[in-house]
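A, B, ... follow the sequence lines: proteins, then strands. Residue 1 opens every chain. For clarity, every value in this text was computed on a predicted model and none was experimentally measured. Side chains are part of it too, since the values below use all heavy atoms of this structure and drop only hydrogens, waters and symmetry mates.
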Amino acid sequence: MTPSALSTAIRACLRDAVAAGDLAVSVPEEIRVERPRQREHGDWATNVALQLAKAAGRPPREVAELLAARLGEVPGVKSVDVAGPGFVNITLDAAAAGELARDIVEAGSGFGRTQGGAGQRVNLEFVSANPTGPLHLGGTRWAAVGDSLARIIAATGADVTREYYFNDHGAQIDRFARSLLARARGQEAPEDGYGGQYIADIAARVIADAAAAGEPDPLGLPEAEAQEVFRARGVDLMFDEIKTSLHDFGVDFDVYFHENDVHTSGAVDRAVTRLRELGHIDDADGAVWLRSTALGDDKDRVIIKSDGEAAYFAGDLAYYLDKRERGFDRVVIMLGADHHGYVGRMMAMCAAFGDTPRENLEILIGQMVNLVRDGQPVRMAKRAGTIVTMEDLVDAVGVDAARYALARSSVDSTIDIDLDLLVKRSNDNPVYYVQYAHARISGIVRNAGAAGVAMADAFDPALLDDDTEAVLLAALGEFPRVIAQAAELREPHRVARYLEELAGRFHKWYDTCRVTPRGEDPVTDTHRTRLWLAEATRTVLGNGLDLLGVSAPERM
RNA sequence: GCGCUCGUAGCUCAACGGAUAGAGCAUUUGACUACGGAUCAAAAGGUUGGGGGUUCGAAUCCCUCCGAGCGCACCA
């Protein structure tokens with residue numbers, strides 16, 4: 001019996017109680033069924049009695065008793081207990097619980113997918129790092145978390161587009177170009193420019209590419225033209241490098257949106273016109289302003305500067321409108337904590353367009369990644385060239401370990417990465433624990449074939465009566481809800497944490513229950529049925545790892 | 001000064017407002033005739049930064065103080 005089936009049964013019991021006049025409350029639409037922390041409390045528990053007690057005007061325990069009496073009659077329910085202030089603890093028949101193993105195997109890669117997000121069109125923007133240098137650890141975190149989140153939201157039936165806002169317009173790109181040019185001439189990076197080996201590499205490639213194409217040496221051009229060559233070619237090379245790094249990291253975007261486009265296409269003008277019609281524009285001091293204070297922002301924002309140039313924020317306006325016009329009803333943007341100051345104006349903009357903040361536009365703020373060496377924080381600086389890049393991290397621990405380590409923590413917490421420690425003791429990463437469980441089951445399945453244990457010969461869920469099996473089955477049954485919750489809360493780390501727990505349940509079960517007979521012992525239906533459970537576990541581990549963009553190895 | 005985010009075991013981190021706050025690493029002790037020991041069993045480790053409040057119940061919500069990070073441009 002699945003948690004959702006149990007939840008439905010509980011609702012039916014409560015309605016019966018109301019119909020019989022035993023209880024005077026309105027039955028909630030959704031009843032939470034959760035796994036108790038303590039195993040002794042049964043397979044599942046609900047606190048619905050505690051929640052209904054006040055409305056019913058009865059002590060919680062009395063409501064719980066009413067529910068327990070009816071629930072005990074439901075087929076598949078073995079026993080029901082009332083505990084503590086009014087929790088209802090439920091234990092299922094082994095057979096009813098064990099059916100889940102077959103359901104999972106039959107659902108295969110589809111197990112865990114739901115339809116709660118069906119019909120939603122979600123645009124998820126993440127990374128969006130400027131093409132002035134390679135991706136650093138912060139961008140790497142958003143790549144891992146954002147891509148996983150995209151997979152998770154898609155698993156709830158929503159249509160998800162991954163998008164990268166490519167900032168190829170403005171002053172920092174000019175600084176990047178000047179830095180390249182300076183390096184190509186053998187000079188120091190400008191005061192406000194960028195340093196590091198990659199600048200030298202790219203500068204050299206710009207010159208080499210020009211020579212290969214039979215173009216004049218950029219260094220021989222007049223200053224402005226030379227800088228333009230280094231700007232255009234340098235940005236392209238840098239961006240290709242970023243794309244390649246992301247691809248190697250298992251992250252591919254559906255749309256790379258160029259900031260330049262909103263400025264050249266007239267999109268900014270259209271957005272301003274629209275806002276003017278809606279009455280949110282002020283003209284003052286020769287500039288055009290969004291009157292965002294009226295919509296909750298700290299201060300009004302300049303859109304068009306008094307020199308006639310569009311402010312950076314103008315691009316945001318046009319870009320948001322563009323996403324909405326492309327049909328996305330949910331625009332989600334992941335930003336680092338250093339950009340949290342944008343939230344106010346972005347939400348005000350959303351409201352100005354007549355949309356609903358936090359519904360049509362969501363901004364997820366993630367905390368920073370600190371680089372640590374010998375227990376001491378190391379500051380990363382592009383100019384000094386002391387950045388640790390995505391490729392450094394991947395070189396140190398590999399894609400799987402890197403993605404997992406970054407995705408298993410809530411983005412609300414800053415995380416510390418000690419590269420030296422990771423290289424030395426890469427087995428610290430819990431990803432190996434989860435992957436090992438998957439590989440171990442794969443080994444079992446290989447051995448089972450050789451030992452003559454075949455799933456096709458039998459499936460008798462009542463034989464899954466060991467305590468470790470009840471615990472494992474309960475964990476397996478939670479998978480769809482874990483995904484749904486991770487999607488709803490935008491918290492991919494829940495999937496990782498769940499997998500660690502599931503792997504733990506599996507390892508404990510493995511220690512207690514054999515799938516293939518020992519020595520010359522005969523093959524029984526118990527072995528065959530356990531093979532179903534092993535396969536079900538492997539399915540869920542594999543599906544879960546896939547949501548994190550981590551491989552599920554058959555051997556390690 | 002104002003604002004946002006955060007403060008949980010020695011370390012890195014979990015915990016829809018729920019029961020005795022949990023894992024991993026590190027430490028200590030067991031299980032190697034092992035379906036893969038990258039495992040399992042057990043011990044130890046906490047006033048959830050301090051103090052108030054809300055309620056059947058608070059790490060979680062509210063107030064306040066302390067501490068940390070990050071923001072507060074007609075820069076991008």
Side-chain angles (χ1 to χ4, degrees), chain A residues 32 34 36-38 40-41 45 47 50-51 53-54 59-61 83-87 89 130 132 167 169-175 259 284-289 298-299 301-313 315 336-344 365-368 370 372 375 377 405 408-418 421 425-430 432-433 435-437 439-448 450-451 453 481 485 488-489 493-494 496-497 500-501 503-504 506-508 510-519 527 530-531 534 555-556:
Chain A
R32 300 189 84 98
E34 55 192 14
R37 292 193 188 178
Q38 271 72 40
E40 313 84 73
H41 292 150
N47 62 354
L50 287 161
Q51 287 166 348
K54 190 170 276 181
R61 282 196 67 103
F87 292 101
N89 294 331
N130 293 336
T132 53
N167 187 323
H169 180 95
Q172 48 195 337
I173 296 293
D174 293 340
R175 285 201 289 273
E259 182 192 359
D285 306 327
V288 178
W289 300 71
D298 315 358
K299 50 190 75 170
R301 305 292 173 178
V302 169
I303 303 175
I304 308 295
K305 297 186 279 185
S306 52
D307 64 4
E309 290 291 313
Y312 180 80
F313 185 45
D338 51 341
H339 288 86
H340 71 255
Y342 287 25
V343 176
I365 297 297
Q367 298 300 307
M368 316 298 271
N370 295 321
V372 178
R408 77 184 286 266
S409 296
S410 160
V411 294
D412 286 344
S413 54
T414 56
I415 50 178
D416 293 342
I417 297 277
D418 188 326
L421 207 65
R425 301 198 309 243
S426 59
N427 276 9
D428 284 0
N429 195 319
Y432 299 107
Y433 185 76
Q435 286 185 315
Y436 179 63
R440 204 177 206 186
I441 297 172
S442 299
I444 291 173
V445 171
R446 286 192 294 268
N447 292 334
V453 181
R481 239 179 2 166
Q485 191 183 29
E488 193 183 326
L489 299 175
H493 76 276
R494 290 174 182 277
R497 298 290 169 163
E500 288 167 33
E501 191 185 334
F506 163 74
H507 286 307
K508 283 181 177 67
Y510 170 89
D511 223 50
T512 311
C513 299
R514 292 189 62 93
V515 175
T516 59
R518 190 190 296 274
H527 297 118
R530 284 175 179 169
L531 186 55
R555 300 172 203 269
M556 290 174 71

Over all heavy atoms of both residues, which pair between Ser306(A) and Ala287(A) is shortest? Give the atoms and the distance, please.
-> N-CB, 3.9 Å
Is Ala337(A) touching bases, backbone alone, or none of the nucleic acid, heavy atoms closer than 4.0 Å?
-> sugar-phosphate
With heavy atoms under 4.0 Å as the rule, sort Ala83(A) into base, sugar-phosphate or nothing.
-> base
Counting just side-chain N and O atoms, does Lys508(A) come under 4.0 Å of either OP1 or OP2 of U39(B)?
-> no
Please state how far atom NE2 in His339(A) lies from atom P in C70(B), giving the value in whole angstrom units.
-> 14 Å
With a 3.5 Å cut-off and just heavy-atom distances, do the side chain of Asn370(A) and the base of A68(B) make a donor-acceptor pair?
-> no
For Leu489(A) and A14(B), give me the distance from atom CG to atom P, rounded to whole Å.
-> 14 Å
With respect to the side chain of Lys299(A), which nucleotide from C40(B), C72(B), U55(B) is positioned closest?
-> C72(B)
The Watson-Crick or G-U wobble partner of U60(B), with both key distances under 3.5 Å, is none
Touch check for Ile365(A), heavy atoms < 4.0 angstrom, all strands: base, sugar-phosphate only, or nothing?
-> nothing
Aromatic-base stack, Tyr433(A) on A38(B), cutoff 5.5 Å, angle under 30 = no
C6(B) base / Ser413(A) side chain donor-acceptor hit below 3.5 Å = no
Would you classify Ser306(A) as touching base, sugar-phosphate or nothing, given that sugar-phosphate means primed atoms plus P, OP1 and OP2, and contacts are heavy atoms under 4.0 Å?
-> base
Check every strand shown and say whether Thr512(A) touches a base, only sugar-phosphate, or nothing at a heavy-atom separation below 4.0 Å.
-> nothing
If you look at every heavy atom in His340(A) and Ile365(A), which pair is closest and at what distance?
-> CA-CD1, 3.8 Å
Nearest-nucleotide pick for Lys305(A), side chain only, options being A19(B), G36(B), C75(B) = C75(B)
Applying the 3.5 Å cut-off to both distances, the Watson-Crick or G-U partner of C6(B) turns out to be G67(B)
Any strand: nucleotide that pairs with G22(B) via Watson-Crick or wobble, under 3.5 Å | C13(B)
How many angstroms lie between atom CE of Met556(A) and atom CD of Gln435(A), to the nearest 0.5 angstrom?
-> 5.0 Å
Determine the contact category for Asn89(A): base if any of its heavy atoms lies under 4.0 Å from a base atom, sugar-phosphate if only primed atoms, P, OP1 or OP2 are that close, otherwise nothing.
-> base
Under a 3.5 Å cut-off for both distances, is G30(B) Watson-Crick or wobble paired, and to whom?
-> C40(B)
Short side-chain N/O contact to U33(B) OP1/OP2 from Arg518(A), under 4.0 Å = no
Mate of C72(B) across any strand shown (Watson-Crick or G-U wobble, both atom pairs under 3.5 Å) is G1(B)
Asp307(A) or Ala448(A): which one's nearest nucleotide on RNA chain B is closer to the 5' end?
-> Ala448(A)
Determine the Euclidean distance between corresponding C1' atoms of A26(B) and A44(B); express it in Å to zero decimal places.
-> 12 Å
Identify whether any heavy atom of Leu50(A) sits under 4.0 Å from a base atom; if not, whether one sits that close to sugar-phosphate; answer base, sugar-phosphate or nothing.
-> base
Determine: side-chain N/O of Arg530(A) to OP1/OP2 of C35(B), distance under 4.0 Å, yes or no.
-> no
If every non-hydrogen atom of Tyr433(A) is compared with every non-hydrogen atom of Gly504(A), which pair is closest and at what distance?
-> OH-CA, 3.0 Å
At under 4.0 Å between heavy atoms, what does Asp285(A) touch on the DNA or RNA strands: base, sugar-phosphate, or nothing?
-> base
For the side chain of Arg514(A), counting heavy atoms from C-beta on, which of G18(B), C40(B), C35(B) is nearest?
-> C35(B)
Has Asn447(A) got a side-chain N or O lying under 4.0 Å from the OP1 or OP2 atom of G36(B)?
-> yes
Base, sugar-phosphate, or nothing for Glu500(A), non-hydrogen atoms under 4.0 angstrom?
-> nothing
When rounded to the nearest 0.5 Å, the distance separating CZ of Arg481(A) from CZ of Arg494(A) is 12.0 Å
Which part of the nucleic acid does Arg301(A) contact within heavy-atom distance under 4.0 Å: base, sugar-phosphate only, or nothing?
-> nothing
So what does Ala45(A) touch, heavy atoms closer than 4.0 Å: a base, only the sugar-phosphate, or nothing?
-> base
To the nearest Å, give me how far apart CD1 (Ile415(A)) and C1' (G7(B)) are.
-> 17 Å
So, do His41(A) and A19(B) meet the stacking rule of ring centres under 5.5 Å and planes under 30°?
-> yes
Quick one: label Asp338(A) by what it contacts on the DNA or RNA (base, sugar-phosphate, nothing), any heavy atom closer than 4.0 Å.
-> sugar-phosphate
Counting only Watson-Crick or G-U wobble pairs whose two distances fall under 3.5 Å, which nucleotide matches U54(B)?
-> none
Distance, P atom - from U33(B) to G45(B), rounded to whole angstrom | 33 Å
Nearest to the side chain of Arg440(A) - G3(B), G37(B), C56(B)?
-> G37(B)
How far does CZ of Arg530(A) sit from CD1 of Ile444(A), to the nearest 0.5 angstrom?
-> 11.0 Å
Does the side-chain ring of Tyr510(A) lie flat on the base of C40(B), meaning centres under 5.5 Å and planes less than 30 degrees apart?
-> no
The side chain of His493(A) lies closest to which of these nucleotides: C56(B), C74(B), A15(B)?
-> A15(B)
Can you tell which of C16(B), A19(B), A38(B) lies closest to the side chain of Pro36(A)?
-> A19(B)
From the candidates G18(B), A38(B), A14(B), the one with an atom nearest any side-chain atom of Met556(A) is A38(B)
Is a donor-acceptor pair below 3.5 Å formed from side chain His340(A) to base G3(B), judging by atom type as modelled?
-> yes
Report which part of the nucleic acid Glu34(A) touches: base, sugar-phosphate, or nothing (heavy-atom distance under 4.0 Å, all strands).
-> base
Which heavy atom in Thr132(A) sits nearest to a heavy atom in Gln172(A), and how many Å separate them?
-> CG2-O, 3.8 Å
Nearest heavy-atom neighbours spanning Ala45(A) and Asn89(A) = CB-OD1, 3.3 Å
Reckon Ala439(A) touches a base, only the sugar-phosphate, or nothing at all at heavy-atom distances under 4.0 Å?
-> base
Is U48(B) paired to anything, Watson-Crick or G-U wobble with both distances less than 3.5 Å, and if yes, which nucleotide?
-> none
Mind checking the P distance from G7(B) to U20(B)? Whole angstroms is fine.
-> 23 Å
